[in-house]
Amino acid sequence: MTDAPDRTPEHILVGVAWPYASGPRHLGHAAGAYVPPDIFARYHRMAGNKVLMVSGSDMHGTPITVAADKRGMTARELAEENHANIADSFRRLGLNYDNYTTTLTPTHYRVTQDFFTTLLEKGYLFEATQTAMYDPQAKRFLPDRYVEGTCPHCGYEDARGDQCDNCGRTLDPIDLLTPRSKITGATPETRETSHFFLDLPQFQEPLAAWVDEASVNWRPAVTGFVRGWLNEGLRARAITRDLDWGVPIPLEGYDDKRIYVWFDAVIGYLSASIEWAEKRGEPDAWKAWWSLDGQGNPPGRAYYFIGKDNVPFHAIIWPAMLMGYGGLALPYDVPANEFLTLDGLKLSSSRMYTARLPFLPEALELFDADALRFFLTINAPESRDTDFSWDEFQRRNNDELVATYGNAVHRLLSFLQSRYGGVVPTPGDLSEADRAMLAQIDTAFSEVAAKVEKVHLRDGLRGVMDLASHLNRYLDEAAPWKSIKTDPERAATSMWTALQAISALRVLSAPFLPFSAETLHGYLADEGSVHALPWEPRELPAGRQLPVPAPLFRKLDDDELAGLLDRLKPIVVETGEPT
RNA sequence: GCCGACGUAGCUCAGCGGCAGAGCAAGGGACUCAUAAGCCCUUGGCCGGAGGUUCGAUUCCUCCCGUCGGCACCA
């Protein structure tokens, strides 16, 4: 067992996509954006780095106002209700944020308005008039996708104003034949309205230069997407809307307009960091992750974990905003995941799912968080869309998590109880096989670390499972249940060696499976929390009395799974998104 | 239509210039500490299609097909 090399702790900012508070999040969101950063952050904390993991609920925007209208609530009431539920799901999933907040806090409003004012003063914002669709009955402006009509290209009658679902063409709502509002059905009018625009073309050259350098280790899909936009040439983008729900514009005479969601949501990474510092009474503490030094170098690495739908905001717009504001660190990596599909179909936040319901509140009620985290990580959509099905979930749970890892732990700890009274035996001379097993532990620590550092989390978890497999093979070969009758010292040495592997698995699995790792930590009669341990092998000393263990994971049999899923009632989630 | 990523064993996915890989499923075997779990062996692939570059291509290039995503007021 080697000591971890001493090194200077790095400051790692872990930004997590801001869930939209329009309704519950589903397993696809968890797989894409929420579980991965938690694993990454937990690993870096154990590796001795200074981690700041921030996110919050994105409370503004049109869909929330639409959903609130339908439910007879205010937008604030609806957003706060959904935020509470999302935060509860995240807690049950074991997501360990340093600060999980919302975009409704005074700090967020202040920081957003400061960003707006600074960019305006520096000449990166301008005001211009545009034509927009207006619903005279609802008395509100309509985003493009809230207008529907007949597609001018293919004649499809239910085309949305932004895109035709039938022929796939990008549309302008003004071109729709017989347009109608998706909210009221009324015929929309066109109206002139004035808005502020972020002048992205000013950042074209600096962004291109930054991407050339920064993207060396980015995922191909992310780099490809960003280069695509840059090659087309960036266009200015409106950052305000005719709404009464959002961060107010910090200028006189704009009471009927608000800063729009996507602009203030990304600023949330900064405002949540500042809020974290304020809460702990060290108002400047956030700067250790954000402020560039005199030479313009970042203080550490900033990672933004998102789904692929969010790439333009995190790899183009937010970097441009940070450049414009000045003095703040740009992203180091934007490890965007692809999507999780359900039985081969794209998941939607608003669609109704009956007996297959994959929303987080229901999933967490029926299954252990670690079982869900295991599936979502071992089959994570890191380089392409991956599929979720309850059959596959059951299979991965039973044949991999339970059979390989859970069983390795349970067979050993049970045998220790029955034949050694639960006391860790004293080893004799180590055999070559014993030494190979111990060497495998060291290898696992370095390999899993290397994978996680590269944000290859599924490979990282695979590495943990590989060690469990090694342990199973080692045990079968050492067969202490045989040698205990013929050579007790040999059996004791095998037991001690195997227990060291269990002790390692408890540490190695902690970022991925935080609940079962803590349980196992208890079964090893260790002190404190497994999550406070350093990322290195931890010796389980001979002579320690261990408690009677229970299996770490539940096996899901067919009848039980079917019964659980049958209990789910169809649930309609009103998110305010146009369908 | 244009741009991008992806297409590898029955399934879920690695590999990305030098004899095609893993897990699961399927078939066989030895064992019994364990949630009938684990271990060993075997079966199984024109690496989407067609050209090209190369001594050599699953890997690099071109075209085609398919899936997904983007095309800027969805976030």
Quick check on the 6.0 Å ring-centre criterion: do Trp318(A) and Phe313(A) meet it?
no
Check Thr65(A), Asp135(A), Asp244(A), Thr184(A) against Arg140(A) for a side-chain hydrogen bond (donor to acceptor under 3.5 Å, both in side chains) and give me the one that passes.
Thr65(A)
From C-beta outward on [X], which listed nucleotide comes closest to its side chain: [options]?
X         : options                : answer
Glu392(A) : C24(B), C11(B), U32(B) : C11(B)
Tyr260(A) : C74(B), C33(B), U12(B) : C74(B)
Asp399(A) : C24(B), A75(B), C68(B) : C24(B)

With rounding to the closest Å, how many angstrom separate the C1' atoms on A50(B) and C68(B)?
24 Å
For atom C1', what is the distance between G21(B) and U8(B), given to the nearest Å?
10 Å
Specify whether Tyr254(A) and Phe196(A) have parallel, tilted or perpendicular ring planes, treating 30° as the upper limit for parallel and 60° as the lower limit for perpendicular.
tilted
According to the side chain to side chain donor-acceptor pair (under 3.5 Å) rule, which pairs have a member within residues 401-418 of chain A, sequence neighbours left out?
Tyr405(A)-Ser509(A), His410(A)-Ser414(A), Arg411(A)-Asn472(A), Arg411(A)-Asp476(A)
The side chain to side chain donor-acceptor pair (under 3.5 Å) partners of Thr240(A) (sequence neighbours excluded) come to His195(A)
What does [X] touch in the nucleic acid at a heavy-atom separation under 4.0 angstrom: a base, only the sugar-phosphate, or nothing?
X         : answer
Phe313(A) : base
Leu234(A) : base
Trp18(A)  : nothing
Leu198(A) : nothing
Phe553(A) : base

Of all residues at least two apart in sequence or in a different chain, which pass the salt bridge (charged side-chain N to carboxylate O under 4.0 Å, His left out) check with Arg180(A)?
Glu148(A), Asp158(A)
Give me the distances for all protein-to-nucleotides 6-8 of chain B N/O pairs that come in under 3.5 Å?
residue : atom : partner   : partner atom : Å
U8(B)   : O4   : Arg384(A) : NH2          : 3.3

Side-chain N,O (Arg395(A)) to OP1/OP2 (C24(B)) below 4.0 Å:
no
Contact residues, residues 404-415 of chain A to RNA chain B [heavy atom, < 4.0 Å]:
Asn407(A), His410(A), Arg411(A), Ser414(A), Phe415(A)
Could you verify whether a donor N or O on one side chain and an acceptor N or O on the other, from Tyr134(A) and Glu192(A), lie under 3.5 Å apart?
no
Mind running side chain to side chain contact (heavy atoms under 4.5 Å, CB included) on Trp481(A) and Phe415(A) for me, showing each step along the way?
CA-CA 8 Å; Trp481(A) 46 91; Phe415(A) 189 66; 3.7 Å; yes
Stem ranges of RNA chain B by first residue number, counting only runs of at least 3 Watson-Crick or G-U pairs under 3.5 Å, come to B:1-7 with B:65-71, B:10-13 with B:21-24, B:26-29 with B:39-42, B:48-52 with B:60-64
I want to confirm an ordering. Mapping Phe197(A) and Ala380(A) to their closest nucleotides on RNA chain B, which one lands closer to the 5' end?
Ala380(A)
